[in-house]
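Have a look at the structure below, then the notes.
Numbers for residues simply follow the sequence, beginning at 1.
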Amino acid sequence: MTSLFATFSLDVLDAIALTALVVSWAATGWLAEHPPASRPSVSALMAGYRSEWLRQFVTRSPRIFDANIIDSLRQSTAFFASASMIAIGGGVALIGNVTTLEGLAHDLTIEAAGVRVELKIILVLLFLANALLKFVWAHRLFGYCAILMAAVPNDVSDRRAYPRAEQAAKINITAAKSFNRGLQSIYFALAAITWLLGPWALIVATVVTCFVLLRREFASASREVMLDR
């Protein structure tokens, strides 16, 4: 047990860098989903447009266009889920080849001492595993949404039409949240790879990742377009 703790021990700077990464991951995700009322995020704006889409869906005939959109969304989630599984498999294979990993780490870093490479790869795998779970769940939710959309009556005067469309919209928004969380985990998995270069590289990568994500949610050109209703 003592040797296990010694293997995965962290010095102060590594601990700070790791904490900053995890806190930033949680904070950026929460802020994107719970933005200030005065400055909505792209995720919040898209949730409104998804609701509007399903309201328009009630009166659209034929509904082939909507079916194509749902199919495209499901294909996207399936693609990223497959990519995450491949990346996880590659990471597990790297952990099994410790000698090569340690040699690579020594070539990349100035100091040979520090956190074991296995722990750094495991951190990346944790983000990838979270992304995989989010993508799989999003894929399933988009499937639920498709079924609910198929249950919306074709008759606009049917009292069940708009309530069913609202149910489909809520499932669609929940699926999009899960998909966005998966993408966010992919971003931070890429940032976590820089830990191989040392704690300072991880801190810089975390800052850059936060900047990119927050800019796209709160200061992107696409957001300005969405705001123009």
Side-chain angles (χ1 to χ4, degrees), residues 25-26 28-35 40-92 124-156 158 160-191 209 212-213 216-217 220-223 225-226:
W25 166 70
T28 53
W30 186 90
L31 189 59
E33 295 179 7
H34 304 86
S41 63
V42 169
S43 297
L45 292 171
M46 282 302 300
Y49 278 107
R50 289 175 189 275
S51 295
E52 180 64 24
W53 164 28
L54 271 302
R55 283 193 294 269
Q56 298 294 333
F57 166 79
V58 175
T59 57
R60 187 162 23 242
S61 181
R63 296 172 173 176
I64 298 175
F65 174 74
D66 308 277
N68 288 338
I69 295 177
I70 285 293
D71 183 60
S72 176
L73 292 173
R74 296 200 77 198
Q75 287 181 14
S76 297
T77 56
F79 169 79
F80 280 104
S82 298
S84 298
M85 289 185 66
I86 293 172
I88 290 172
V92 172
V124 178
L125 291 179
L126 289 176
F127 279 114
L128 291 174
N130 181 69
L132 172 62
L133 294 175
K134 297 301 181 184
F135 290 139
V136 169
W137 183 233
H139 187 269
R140 190 169 186 178
L141 286 175
F142 281 128
Y144 293 162
C145 179
I147 294 173
L148 285 172
M149 290 169 67
V152 175
N154 287 322
D155 185 3
V156 180
D158 192 316
R160 298 171 299 170
Y162 283 99
R164 287 272 174 84
E166 184 179 358
Q167 286 179 301
K170 290 179 179 178
I171 296 296
N172 195 300
I173 292 170
T174 303
K177 286 182 179 180
S178 185
F179 182 72
N180 289 337
R181 290 170 183 172
L183 289 178
Q184 182 199 20
S185 290
I186 294 293
Y187 275 101
F188 279 94
L190 293 174
T209 301
V212 170
L213 289 175
R216 292 180 178 179
E217 286 288 344
S220 62
S222 56
R223 177 182 176 277
V225 174
M226 294 176 194

If you look at every heavy atom in Cys145 and Ile70, which pair is closest and at what distance?
SG-CD1, 3.9 Å

Distance alone, cut at 3.5 Å: any donor-acceptor contact between the side chains of Gln75 and Asp71?
yes

Establish, from distance only, whether the side-chain atoms of Ser43 and Glu33 form a donor-acceptor pair under 3.5 Å.
no

What are the two closest non-hydrogen atoms of Asp155 and Ala161, and how far apart are they?
O-CB, 4.0 Å

Look at the rings of Phe179 and Phe80 and say which category their plane angle falls in: under 30° parallel, 30 to 60° tilted, over 60° perpendicular.
perpendicular

Apply the side chain to side chain contact (heavy atoms under 4.5 Å, CB included) test between Ser41 and each candidate in Arg216, Glu217, Met46; give the one that qualifies.
Glu217

Once you round to the nearest 0.5 Å, how far does OH of Tyr187 lie from CZ of Phe127?
14.5 Å

Side-chain donor or acceptor of Arg223 paired with backbone N/O of Pro40 under 3.5 Å:
yes

Any chance you could measure Met149, atom CE, to Trp53, atom CH2, to the nearest 0.5 Å?
5.0 Å

Among Thr209, Val124, Leu126, side chain to side chain contact (heavy atoms under 4.5 Å, CB included) partner for Phe188
Thr209

CG on Leu141 to CZ on Arg74, rounded to 0.5 Å
10.0 Å

Would you call Ile69 and Phe57 a side-chain contact if the rule is heavy atoms closer than 4.5 Å?
no

Within this structure, what is the CH2-CZ distance for the pair Trp30 and Arg181, rounded to the nearest 0.5 Å?
12.5 Å

Can you tell me how far the CG atom of Leu183 sits from the OG1 atom of Thr77, to the nearest 0.5 Å?
10.5 Å

Minimal non-hydrogen separation, Leu125 against Ala87, with atom names:
CD2-O, 4.4 Å

Do other residues, nucleotides or ligands put more than 12 heavy atoms under 6.0 Å from the CZ atom of Arg140?
no

Say whether, by atom type as modelled, one donor and one acceptor occur between the side chain of Ser178 and the main chain of Thr174 under 3.5 angstrom.
no

Within the side chain of Arg50, is there an N or O that forms a donor-acceptor pair under 3.5 Å with the backbone of Ile173?
no

So, the side chain of Tyr49 versus the backbone of Met226: is there a donor-acceptor pair under 3.5 Å, distance only?
yes

Would you name the heavy atoms of Val152 and Val58 that are closest together and state the gap between them?
CG1-CG2, 4.3 Å

Shortest non-hydrogen pair, Ala168 vs Leu54, comes out as CB-CD1, 3.9 Å

Just verifying a value: how many Å separate Leu73 CG and Asn68 CG, rounded to the nearest 0.5 Å?
11.0 Å

Please report the shortest heavy-atom distance between Pro153 and Arg63, naming the atom on each side.
O-NH2, 3.2 Å

